[in-house]
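In what follows, a single structure is set out as structure tokens and then discussed.
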Amino acid sequence: MSKKAKRMMLLDEVNRTLQDYCEGCFLYRTHRKEHGRSYAHKFCLSYCTVGQKLKEVGNKIKNL
């Protein structure tokens, strides 16, 4: 599999994950409303299992 094809596959995985789990997320909306966008973003990347999965895929893309 070429580097470009692998990258496209990983980006597709990110897009599907965002659409399936993150779009309209109650926790993100609540944290953003109560604490601000930065806090909500940090919460997703640090504590949410979906955010951690996205971070792993992002690191794979970065290391291609």
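Everything numeric in this text was worked out from a predicted model, so none of it was measured. We use all heavy atoms of the structure for the numbers below, so side chains are in, but hydrogens, waters and symmetry mates are not. One-based numbering along the sequence shown.
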message: When you group the ILVMFWY residues by side-chain heavy-atom contacts below 4.5 Å and let the links chain together, are Leu10 and Leu18 in the same group?
response: yes
To the nearest 0.5 angstrom, please state how far the [atom1] atom of [X] sits from the [atom2] atom of [Y].
{"X": "Tyr21", "Y": "Cys48", "atom1": "OH", "atom2": "SG", "result": "10.5 Å"}
{"X": "Tyr39", "Y": "Glu34", "atom1": "OH", "atom2": "CD", "result": "9.0 Å"}
{"X": "Asp12", "Y": "Arg7", "atom1": "CG", "atom2": "CZ", "result": "13.0 Å"}

message: A quick test of your reading: do over 12 heavy atoms of other residues, nucleotides or ligands sit less than 6.0 Å from NE2 of His35?
response: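 Atom NE2 in His35 is packed in, count exceeds 12.
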message: Under the ring pair (Phe, Tyr, Trp, His ring centres under 6.0 Å) definition, can you give me all pairs with a residue in residues 43-64, not counting sequence neighbours?
response: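 Passing the test, one end in residues 43-64: His31-Phe43, Phe43-Tyr47.
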- request: Would you indicate whether the side-chain heavy atoms of Cys22 and Val50 approach each other to under 4.5 Å?
  value: yes
task: If you link ILVMFWY side chains whenever their heavy atoms are less than 4.5 Å apart, which other residues fall into the same cluster as Met1? By chain and number, please.
output: Met9
Quick one: side chains of residues 51-64, donor-acceptor pairs under 3.5 Å with protein atoms, not counting sequence neighbours, listed by atom name and distance.
unit_1	atom_1	unit_2	atom_2	d
Gln52	NE2	Ser46	O	2.7
Asn59	ND2	Lys55	O	3.4
Asn63	ND2	Asn59	O	3.0

